[in-house]
Amino acid sequence: MSNKFYITTTLPYVNAAPHIGFALEIVQADVLARYASLRGREVVFNTGTDEHGLKIYRKAIEEGKDPQAYVDEYAAKFERLKNALNVSYTNFVRTTDPHHIKAAQDFWTRCEKAGDIYKKFYSVKYCVGCELEKTDSELVEGRCPVHPNLELEAIEEENYFFRFSKYQQPLLHLYSEHPDFVVPDYRLTEIKNFVSGGLQDFSISRLKEKMPWGIPVPGDDKHVMYVWFDALINYISTLGWPENQKKFEEFWGTAGHPNALQIAGKDNLRQQSAIWQAMLLSAGVPTSRQVLIHGFITSEGEKMSKSLGNVVDPFVIVDKYGTDALRYWLTREMPTFNDGDFTIERFEESYNASLANGLGNLVSRIMKMASANGVGLDWEKADEGLNWETEGYAEYLETAQIQQAAEIIWREARKADQYIQEKEPFKVIKTDPEKAKKDILILLGELWTIGRLLEPFLPETSARIINAIKDNHEISQPLFPRISS
RNA sequence: GUCAGGGUAGCUCAACGGUGGAGCAGCGCUUUCAUAAGGCGACGGCUGUGGGUUCGAAUCCCACCCCUGACACCA
């Protein structure tokens with residue numbers, strides 16, 4: 001295993017406030033990144049913002065702002081997530097960064113040299129009522145759903161196309177060479193089926209006169225790149241590609257030793273595991289090592305939507321319950337790869353059961369017994385007895401089974417509660433203090449393990465536990481105050 | 001419509017050919033170190049429906065019903 005660890009989230013598009021779905025993605029990535037770092041690997045953890053394209057351009061114009069000023073505001077909002085969720089990303093790339101723009105143009109030139117970019121007339125459907133171009137998926141029975149009485153017009157436009165079709169076999173080869181290229185496996189099956197069904201070339205540019213908010217196509221000032229062609233390139237531009245080849249290869253990897261881990265939602269499966277990989281192959285850049293696909297968070301059993309009024313705002317949850325409470329829910333309650341449902345009732349229920357009554361209370365009772373009886377752990381040596389393999393914890397995190405790994409920690413906490421009940425050191429201390437102190441020491445060691453294993457998941461809580469053990473003080477403020485209803 | 005995944009205790013899920021399990025919630029008993037927390041226990045399921053294979057099926061096969069996702073230019 002390489003000593004360098006690279007993980008990247010997808011870049012959220014900045015036309016709306018940060019969504020809880022993205023909070024899930026970035027927290028999952030954070031758990032894996034923090035774990036890698038704990039185990040001594042050098043980590044690049046990348047995230048950022050996707051800032052080009054028609055939707056942003058329109059929104060900026062609507063608000064009477066310069067597009068750059070508009071995206072500056074939004075990029076700042078996304079950086080607030082770093083504090084709210086306590087995520088440890090090392091790189092924050094904005095697709096309007098000059099270096100990214102240069103890298104995207106360089107990438108384009110390489111694909112062009114490979115013979116994979118060509119010009120073609122392309123017919124777009126246009127609704128005169130909306131004054132907008134429409135894609136097939138937006139149409140209902142071949143008509144604009146807003147103006148079903150109007151005929152759609154066909155507009156011919158010359159665009160640059162990417163020769164995606166050329167990469168059908170190379171992609172299928174990639175998937176069969178690396179059966180864990182996409183995790184979970186049923187997502188790999190899904191993408192295999194898609195690619196096997198045949199690939200069509202697609203448009204990767206827009207006419208500048210219609211939509212100027214994009215990266216200029218090298219050598220043709222009439223076109224800008226279509227937004228996601230440029231956005232995907234952030235995963236490598238963030239590493240200093242193409243200038244900094246050394247750092248790039250260390251973290252991104254090489255053709256023989258791919259090292260890049262990507263994480264994305266199920267709606268991004270195709271972009272990440274097929275389109276982006278084909279682009280890399282075209283430009284002669286190594287492919288990723290693995291793409292992790294997570295599910296969606298529903299709310300009250302429904303898709304979140306403004307009209308239903310069931311949108312869960314991560315900032316609101318954090319303000320009310322705390323950062324680690326949300327991180328707990330996202331990592332232990334939420335299935336790592338499948339959809340999960342959020343309701344405030346169940347959130348509070350699991351908070352009380354596992355954080356207040358479970359973990360928090362356990363820390364209080366052990367620290368009280370330890371400090372009251374002067375039993376301290378030789379913490380400088382405590383890590384020697386720390387077993388990362390506890391119940392498969394390390395194995396789970398190395399295979400991104402985040403929920404399973406979290407489960408181990410709470411199982412250990414339960415065992416500690418049972419141990420207290422069985423040994424009753426609080427009672428035995430009156431009759432056989434030596435024996436009781438021995439048990440309290442064992443409990444402190446177990447609490448140390450719990451605190452350490454907790455670090456990737458709930459970094460702040462982990463630090464509070466570790467510090468309490470180091471200073472041997474009782475817990476004055478509960479780690480997680482119980483929520484009473 | 002086609003393809004994929006799924007329908008198991010009130011809820012979230014595990015068992016994937018051999019006597020249906022866990023956590024949470026609710027119920028009973030119980031300890032006092034602790035955040036009125038902890039521990040123990042009982043209750044709780046014709047495993048979507050109907051057939052079939054088998055000594056034996058939640059587990060394999062067929063049909064049907066229901067849910068979810070994908071079926072390309074949405075970022």
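In this structure, A:G360 reaches the bases: a heavy-atom distance under 4.0 Å links it to at least one base atom across the strands shown. Here A:A353 lies in heavy-atom contact (under 4.0 Å) with sugar-phosphate atoms only. When heavy atoms are screened at a 4.0 angstrom cut-off, A:G198 is found touching base atoms of the nucleic acid. As judged by a 4.0 angstrom heavy-atom cut-off over every strand, A:L269 is placed among residues making no nucleic acid contact. Residue A:D267 is in base contact, counting any heavy-atom pair closer than 4.0 Å across all strands shown. Backbone-only contact: A:E349 has heavy atoms under 4.0 Å from sugar-phosphate atoms and none from a base. Here A:L479 lies in heavy-atom contact (under 4.0 Å) with a base.
For A:R332, the salt bridge (charged side-chain N to carboxylate O under 4.0 Å, His left out) partners are A:E407, not counting sequence neighbours. For the ring pair (Phe, Tyr, Trp, His ring centres under 6.0 Å) test, residues two or more places apart in sequence or in another chain that qualify with A:F164 are A:F202. With sequence neighbours left out, A:Q28 forms a side-chain hydrogen bond (donor to acceptor under 3.5 Å, both in side chains) with no residue at all. Not counting sequence neighbours, the partners of A:Y74 by the ring pair (Phe, Tyr, Trp, His ring centres under 6.0 Å) test are A:Y70. Contacts of A:E300 classified as salt bridge (charged side-chain N to carboxylate O under 4.0 Å, His left out), with partners at least two apart in sequence or in another chain: none.
Screening residues 185-201 of chain A for salt bridge (charged side-chain N to carboxylate O under 4.0 Å, His left out), with sequence neighbours left out, gives A:R187-A:E190. Every pair tested for salt bridge (charged side-chain N to carboxylate O under 4.0 Å, His left out) that includes a residue from residues 222-233 of chain A fails, sequence neighbours excluded, so the list is empty.
Rounded to a whole angstrom, the distance from the C1' atom of B:A22 to that of B:A15 is 10 Å.
For the pair A:F162 and A:C111, the tightest heavy-atom approach, listed with the atom from each and the gap, is CE1-SG, 4.4 Å.
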Show me, pair by pair, the donor-acceptor contacts under 3.5 angstrom made by side chains of residues 368-376 of chain A, not counting sequence neighbours?
unit_1, atom_1, unit_2, atom_2, d
A:S371, OG, A:M367, O, 2.8
A:S371, OG, A:K368, O, 3.4
A:N373, ND2, A:M369, O, 2.8

Can you give each donor-acceptor pair under 3.5 Å made by side-chain atoms of residues 418-429 of chain A, sequence neighbours left out, with the distance rounded to 0.1 Å?
unit_1, atom_1, unit_2, atom_2, d
A:Y419, OH, A:D439, OD1, 2.6
A:E424, OE2, A:K427, NZ, 3.4

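With a 3.5 Å limit on both pairing distances and Watson-Crick or G-U wobble geometry required, the stems of 3 or more pairs in RNA chain B span B:1-7 with B:65-71, B:10-13 with B:21-24, B:27-30 with B:38-41, B:48-52 with B:60-64.
Rounding to whole angstrom units, CD of residue A:Q168 and P of B:A72 are separated by 16 Å.
For the contact set between residues 185-193 of chain A and RNA chain B, defined by any heavy atom under 4.0 Å, the members are A:E190, A:N193. Within residues 406-422 of chain A, the residues approaching RNA chain B are A:R414, A:D417, A:Q418, A:I420, A:Q421, by heavy-atom distance under 4.0 Å.
An aromatic stacking contact links A:F426 with the base of B:C33, defined here by ring centres under 5.5 Å apart and ring planes under 30° from parallel.
Here A:R482 reaches the OP1 or OP2 of B:A37: one of its side-chain N or O atoms lies under 4.0 Å away.
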